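Encoded as structure tokens, the structure appears first; notes follow it.
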Amino acid sequence: MTFIKSTTSIFVASALTLGLTACGDESATSSKTTSAPVQQKLTAEDAKAFIAKAEKTFAEQYEYAAKVAWVSQTFITEDTQYLEAKSSEELKLIGIEFANGAAKFKDLDLDYDTKRKLDMLRLGLTLPAPADAPDLAAELAQIESKLSAIYGSGEAADGKKYDLIKLSRTLSTSDDPEELLNAWVDWRKVSPAMKDKYVRLVEIANQGAQDLGFKDVGAMWRSKYDMDPDAFAAEMDRVWDQVKPLYDALHCHVRAKLNDKYGDEVAPVQGEIPAHLLGNMWAQTWGNVYDLVAPEGGSGIDVTEKLLENDYTPVKMVEQAESFFTSLGFEPLPETFWTRSMFEKPVDHDAVCHASAWDMSETDYRIKMCIQTTGEEFNVIHHELGHNFYQRAYNQVQPLLYRGSANDGFHEAIGDTVALSITPKYLKEIGLIEQEPDASGDLPFLMRMAMDKVAFLPFGLMVDKWRWQVFSGELKPDQYNEGWWKLREQYQGVKAPVLRTENDFDPGAKYHIPANTPYSRYFLAHILQFQFHRELCNIAGETGPLHRCSIYNNKEVGKKLNAMLEMGTSKPWQDALEAMTGSRDMDATAVIDYFAPLKTWLDEQNANRQCGW
Ligand code: X8Z
Ligand code: ZN
């Protein structure tokens, strides 16, 4: 059972994400465990018994931990944080014991599944605590819980509270540079209170990773991809190089348009783009400033407008998204999904609003979101349901330690893959628009997509580059903020709109840093979803342009997709990718194919501009 975690992540990747999770793929466990038997010579039989014990232990503890985490994340109080930290500490101790126990079998000649499951155990924790140091495990769990609560409640060190949803709305709707700047700065008043805690977290978790034989936590995270950790980092860079020309072209056009709108003072025509002008609190997606960059002659379809015109409520948006999955042949979600999920921001208490999908038991799946009626959120709902359908698919057929996605990028990619089929044709089919635009609508459509999907890529890449540097010690605590902005500038071509210092902790203003959710997964997902989409469209026999293909209603496609979901983590991700696409490599040519007409158009627009930064 994988759920999504936020605060405590215990085991990743496979089975039980006990951690409570947030994004689909961590796992966890609990109860009193046993480590590998202490004896002179361990045998293959011992290894099997050890696995059986781990699966049993996790199965017993998972649901309890999941429920504690759910309550704490949907109702942040002193007490629920206390409970969450306790439960997470317990899980962490068990996770550590199993991870260390698993390492002891590494020199034995074992069958494939035993070996793979031991790897799952060894690599499962997101933030390991040192072995035999329960006080440090407790401290780490408390820090994690506290960081999550600071972010979720938006409470700054001086007790003042900031509302991310409101501030984000300003970022996405205002075109008053001063108002934008204030909202941008305000949200970053919450994170300085995290800094000391984060420094300590790095210290403890690194010790934990070293106890497990990794250089540091970053090296441990990079080891989760069925390949050499350095090769994985190189693979990320290789794929980034494939898409960088497309990003550069988009950046160049957007910067020019922002300059037209705001002038040299606010939005210089050269250099990095000030981060408060791109419609998103982290400048990670730019769709909210689409209107500023729209190709002439068509605005494309504004899904937000259509949802509002058609009186879509949060629940109706979720129902609509579910119906896409059922149109592919998936069973509807259980009744409890509808009664136990959190779809809206609670009015009378704090909750962690960042969207997540949870896997509480084999029959209990939920999402936690504070849904706004926007096209952006409609996509996020598909994203989250992708997690739930993935979880259920592998839970039904895989043993506990294989209950996870092929790699964490796969988990993040499934719902997005489905959402790539939200084409004008599909919107017409579900009655959101009356008429499908002709081919002249393609450029506006592609531009809207690029503002989200292409704009995201360097952000998806740099977040963990920063964390890798932090965990390896390449960045010291007094360089954290500077290092963050260096990467933002280098990869995104985006800069801080006002002077930042080491009194700021801007990484902490992004959910996944206080939540300790690894981020490379989203970069992978943004590549994989196009690869999946291209393949599924092939199966559907669609011969037109990729951006016009919708797999809606296609049961054969659903079957192919389900076959991959059901594999869970039982095989290396390269096998899962091959089963689905025929290729064992990530390949960004699907992104390039998808956006080809837009790239041609952008190059024309940029012909007389000086691009780059
Ligand atoms: O965190 C998420 C999901 C939950 S797994 C809503 N995403 C990343 C983010 O918001 O930063 C989806 C795309 C990137
Ligand atoms: Zn996700």
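Just so we're clear, the structure is a prediction, and the values are computed from it rather than from any experiment. Both counts, for ligands and for their atoms, begin at 1 and track the order of listing. Index from 1, following the sequence.
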Cation-pi check, Arg222 onto Trp468 ring (under 6.0 Å, within 45° of axis): yes

Row check, Trp70 ring normal vs Arg366 NZ/CZ: under 6.0 Å, within 45°: yes

Looking only at distance, does [X] have an N or O less than 3.5 Å from an N or O of ligand 1?
{"X": "Glu412", "answer": "no"}
{"X": "His512", "answer": "yes"}
{"X": "His526", "answer": "no"}
{"X": "Glu384", "answer": "no"}
{"X": "Lys510", "answer": "yes"}

Name of the Glu412 atom (N/O/S only) found closest to the Zn ion (ligand 2): OE1

Distance in Å, Lys453 NZ paired with Ile527 CD1, rounded so as to fall on 0.5 Å steps: 11.0 Å

By number and element, which atoms of ligand 1 are closer than 4.0 Å to a non-hydrogen atom of [X]?
{"X": "His383", "result": "3 (C), 4 (C), 5 (S), 12 (C)"}
{"X": "His387", "result": "5 (S)"}
{"X": "Gln284", "result": "9 (C), 10 (O), 11 (O)"}

Close approach, Tyr519 and ligand 1, non-hydrogen under 4.0 angstrom: yes

side-chain contact (heavy atoms from CB on, under 4.5 Å) partners for Leu308, two or more places apart: Thr304, Thr373

Aromatic centroids of Tyr519 and Phe459 separated by under 6.0 Å: yes

Aromatic plane relationship, Tyr594 with His547 - under 30° parallel, 30 to 60° tilted, over 60° perpendicular: perpendicular

Asp464 and Arg521: CA distance, side-chain angles, deciding distance, salt bridge (charged side-chain N to carboxylate O under 4.0 Å, His left out) verdict: CA-CA 9 Å; Asp464 276 355; Arg521 56 180 64 176; over 6 Å; no

Counterpart residues, ring pair (Phe, Tyr, Trp, His ring centres under 6.0 Å), relative to Phe330 (two or more places apart): Phe389

Short N/O/S contact of His411 with the Zn ion (ligand 2) (below 2.8 Å): no

